[in-house]
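Each ligand, and each atom within it, is numbered from 1 in the order the structure gives. Predicted, not measured: the structure shown is a model, and the values here were computed from it.
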Amino acid sequence: MAEKSFKYVIVGGGVAAGYAAREFAKHGVKPGELAIISNEAVAPYERPALSKAYLFPEGFARLPGFHVCVGSGGERLLPEWYPEHGIELILGTEIVKADLAGKTLVSAAGETYKYQILIIATGSTVIRLTDFKVQGADAKNIFYLRDIKDADDLLGAIKAKKNGKCVIVGGGYIGLELGAVMKINNFDVTMVYPEPWCMPRLFTPEIASFYEGYYGNKGIKIIKGTVAVGFTTDASGEVKEVQLKDGRVLEADIVVVGVGGRPLTTLFKGQVEEEKGGIKTDSFFKTSVPDVYAVGDVATFPLKLYDEIRRVEHVDHARKSAEQAVKAIIAAEEGKTVEEYDYLPYFYSRSFDLSWQFYGDNVGDAVLFGDNSPTSPKPKFGTYWIKDGKVVGAFLEGGNPEENKAIARVARLQPQAKSLEHLKTEGLGFASNM
Ligand code: FDA
Ligand code: NAD
């Protein structure tokens with residue numbers, strides 16, 4: 001079987017891989033030095049588009065429109081960009097074995113790839129209801145969303161089941177974004193999740209009540225405090241009904257499941273130190289194994305601002321961690337060093353006409369400001385999180401770019417809060433006047 005050898009190999013061809021490639025190119029990587037091995041069939045793209053514009057009935061996004069690095073306002077790296085820069089893009093190739101001591105990867109087809117330096121950028125996979133042995137969860141038309149193939153499968157069903165009924169299982173990012181997109185596609189949408197309010201990882205009850213109210217006004221039904229325990233199918237094996245733990249039964253032509261992600265670390269189990277479910281790295285994304293780096297969703301890294309180690313499953317960190325790792329690799333080769341990664345957590349989402357951003361940490365007391373009425377013609381509200389007298393996190397719905405920058409600044413600088421009441425009255429002004 002074929003054996004190929006590279007100075008640098010990136011395993012995984014998602015967001016982090018694309019941004020790492022651009023960074024290598026900036027540093028003048030030589031032809032034949034770098035390979036990206038991906039089991040996807042397409043060059044790295046901005047994954048967030050899949051749960052948003054990719055699924056719109058009109059004005060939809062398609063490749064090559066959203067290849068990296070357009071998501072952060074950068075150059076679009078078309079598939080031909082890679083060979084033009086001497087980078088080997090090995091697509092449709094799954095790595096099934098990694099020997100970190102022997103610096104070797106093996107693909108499903110049996111090819112061997114040798115490297116001097118490895119960057120692990122395998123991202124996450126979805127948690128499936130079949131993992132919990134939910135009865136009937138392998139029925140046709142039950143969808144998950146991780147890659148472009150999943151999105152294409154869902155698009156096929158949206159066409160086939162026009163104006164049908166859709167049940168969304170999960171009230172996190174996928175649940176909220178897909179609930180909206182399915183409604184925009186004219187489906188009769190019901191969302192089901194176990195918690196008392198949506199997006200409990202981040203939202204306070206007051207933030208959630210706005211989105212739940214807004215979705216309700218759009219005609220989306222929300223069922224909370226229960227889970228899907230079974231699915232029935234028709235004669236062709238297509239999903240027909242969703243059975244809930246509380247005894248209710250919902251009709252469904254399509255089910256979309258978003259019950260969380262799991263970092264893809266299995267290839268490296270037992271060979272590299274792990275923590276908090278990810279591959280443990282330092283501030284330069286170096287793992288416990290020499291010459292092996294891990295970036296994006298799989299990395300558990302030091303979050304300097306909070307003196308903690310964490311894993312982050314969001315695109316901004318995927319981009320920045322990839323850039324940091326490449327800068328550190330090149331600097332080390334030149335006998336130089338780079339500054340430690342000093343990340344400010346940044347999450348965002350968009351659905352319908354809504355758009356929110358969050359920066360920092362959602363710990364301590366939360367103060368809501370602004371107008372969070374779901375019937376408001378132009379809703380604009382936010383929340384500050386205050387810990388030990390300091391503002392450590394900020395959320396804003398409906399902000400303009402300047403205002404979003406202002407809340408980011410607050411989360412970074414962590415100013416002292418006079419009192420919770422003061423913050424409530426000052427509202428966005430507290431951030432804007434800093
Ligand atoms: P990513 O998942 O992008 O890439 C991993 C790559 O590795 C994939 O190409 C995969 O096929 C490949 N791979 C894995 N194992 C392999 C193997 N053994 N061999 C070969 N290849 C392998 N975040 C955000 O901040 N805002 C947003 O709006 C969204 N929206 C969003 C929508 C959807 C549908 C998803 C699924 C995710 C988001 N995210 C997001 C999260 C964000 O996209 C995510 O954090 C980044 O894509 C992570 O980048 P990585 O490069 O780490 O993994
Ligand atoms: P998530 O962690 O955001 O939400 C999971 C949700 O699943 C929970 O909130 C809960 O409501 C629900 N849940 C858990 N077990 C359940 C069960 N048995 N039945 C019903 N509901 C259950 O995960 P996700 O929404 O699946 O997203 C997957 C990944 O994609 C994450 O890494 C996420 O960060 C990423 N993503 C991010 C964005 C964004 O940042 N805007 C958008 C889409 C996806």
Side-chain angles (χ1 to χ4, degrees), residues 10-20 36-52 54-55 68 71 90-98 105 107-108 119-127 129 131-132 134 137 144-151 154 168-178 191-203 223-224 226-229 244-245 256-268 278 294-299 311-319 321-322 345-351 356-358:
I10 302 173
V11 57
V15 173
Y19 279 76
I36 295 175
I37 308 174
S38 174
N39 58 7
E40 288 195 75
V42 294
Y45 56 88
E46 302 284 2
R47 199 165 303 281
L50 296 183
S51 51
K52 305 175 188 70
Y54 198 79
L55 300 173
V68 297
I90 304 169
L91 298 176
T93 301
E94 188 186 5
I95 295 301
V96 292
K97 198 166 163 252
L105 305 172
S107 75
I119 301 182
I120 301 172
T122 40
S124 301
T125 185
V126 293
I127 296 175
L129 293 179
D131 298 344
F132 312 122
V134 174
Y144 297 83
L145 187 57
R146 186 70 214 176
D147 59 27
I148 209 153
K149 186 178 171 309
D150 299 334
L154 177 56
I168 306 274
V169 178
Y173 286 96
I174 292 285
L176 284 166
E177 293 182 6
L178 265 293
M191 295 179 61
V192 180
Y193 41 89
E195 295 94 349
W197 67 85
C198 64
M199 194 83 84
R201 272 209 284 176
L202 178 63
F203 288 179
I223 300 178
K224 302 191 262 187
T226 191
V227 292
V229 289
L244 304 185
K245 196 174 182 180
V256 181
V257 183
V259 295
R262 193 161 35 79
L264 276 170
T265 59
T266 25
L267 276 176
F268 314 99
V295 295
D297 280 11
V298 292
R311 213 167 54 72
V312 172
E313 288 180 1
H314 292 276
V315 74
D316 179 59
H317 159 72
R319 296 169 179 152
S321 58
Y346 163 45
F347 316 144
Y348 70 89
S349 184
R350 290 191 298 272
S351 59
W356 60 258
Q357 301 203 354
F358 167 82

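Taking every heavy atom of Tyr193 and a limit of under 4.0 angstrom, the matching atoms of ligand 2 come to 11 (O). Residue Gly172 approaches ligand 2 through these ligand atoms, each under 4.0 Å from one of its heavy atoms: 3 (O), 4 (O), 6 (C), 9 (O), 25 (O). Near Arg201, meaning under 4.0 Å from any of its heavy atoms, are these atoms of ligand 2: 1 (P), 2 (O), 3 (O), 34 (O). Short contacts between ligand 2 and Val169, defined as distances under 4.0 Å to a heavy atom of the residue, involve ligand atoms 19 (N), 20 (C).
Nearest protein neighbour of atom 12 (C) of ligand 2, counting heavy atoms only, is Gly170 CA, 3.8 Å. Summary of contacts: the protein heavy atom closest to atom 14 (C) of ligand 2 is Val259 CB, 3.9 Å. Among protein heavy atoms, the minimum distance from atom 21 (N) of ligand 2 is reached at Pro194 CD, 3.2 Å. With respect to atom 6 (C) of ligand 2, the closest heavy atom belonging to the protein is Gly258 O, 3.6 Å. Looking from atom 30 (O) of ligand 2 to the surrounding protein, the closest heavy atom is Arg146 NH1, 4.0 Å.
With contacts defined as side-chain heavy-atom distances shorter than 4.5 Å, the pair Ile148/Tyr54 qualifies. Counting heavy atoms from C-beta outward, Leu154 and Leu178 have side chains that approach closer than 4.5 Å. Two residues are said to be in side-chain contact when any heavy atoms from C-beta on lie closer than 4.5 Å; Arg47 and Arg146 meet this criterion.
When each of Thr266, Asp147, Leu264 is tested with Thr125 by the rule side-chain contact (heavy atoms from CB on, under 4.5 Å), just one qualifies, namely Leu264.
Some N or O of Gly171 is nearer than 3.5 Å to an N or O of ligand 2, by distance alone. Checked against a 3.5 angstrom limit, the closest N/O atoms of Tyr173 and ligand 2 fall inside it.
Using a 4.0 Å heavy-atom cutoff, Gly260 is listed among the residues neighbouring ligand 2.
Nearest approach of Ala20 to Ile10, heavy atoms of both residues: CB-CD1, 3.7 Å. In plain terms, the two heavy atoms of Ser321 and Gly296 that are nearest each other are OG-N, 3.0 Å.
By heavy-atom distance, the residue among Lys245, Glu195, Glu313, Met191 lying nearest atom 10 (C) of ligand 2 is Glu195. The nearest non-hydrogen atom to atom 19 (N) of ligand 2, considering only Val227, Val315, Asp316, comes from Val227. The heavy atom nearest to atom 44 (C) of ligand 2, out of those in Leu129, Ile174, Ile168, Thr226, is found in Ile174.
Side-chain atoms of Arg311 come within 3.5 Å of backbone N or O of Asp297 as a donor-acceptor pair. Between the side chain of Glu46 and the backbone N or O of Gly71, at least one donor-acceptor pair lies under 3.5 Å. Distance alone, capped at 3.5 Å, places no donor-acceptor pair between the Tyr45 side chain and the Gly18 backbone.
Proximity of Tyr348 to ligand 2, defined as any heavy-atom pair under 4.0 Å, is confined to the backbone N, CA, C and O atoms. Residue His314 touches ligand 2 through its side chain alone, judged by heavy-atom distances below 4.0 Å.
Listed by chain and residue number, the protein contacts of ligand 1 are Gly12, Gly13, Gly14, Val15, Ala16, Ile37, Ser38, Asn39, Glu40, Arg47, Pro48, Ser51, Lys52, Thr93, Glu94, Ile95, Ala121, Thr122, Gly123, Leu145, Arg146, Ile174, Leu264, Leu267, Gly296, Asp297, Glu313, His314, Val315, Ala318, Tyr348 (heavy atom within 4.0 angstrom).
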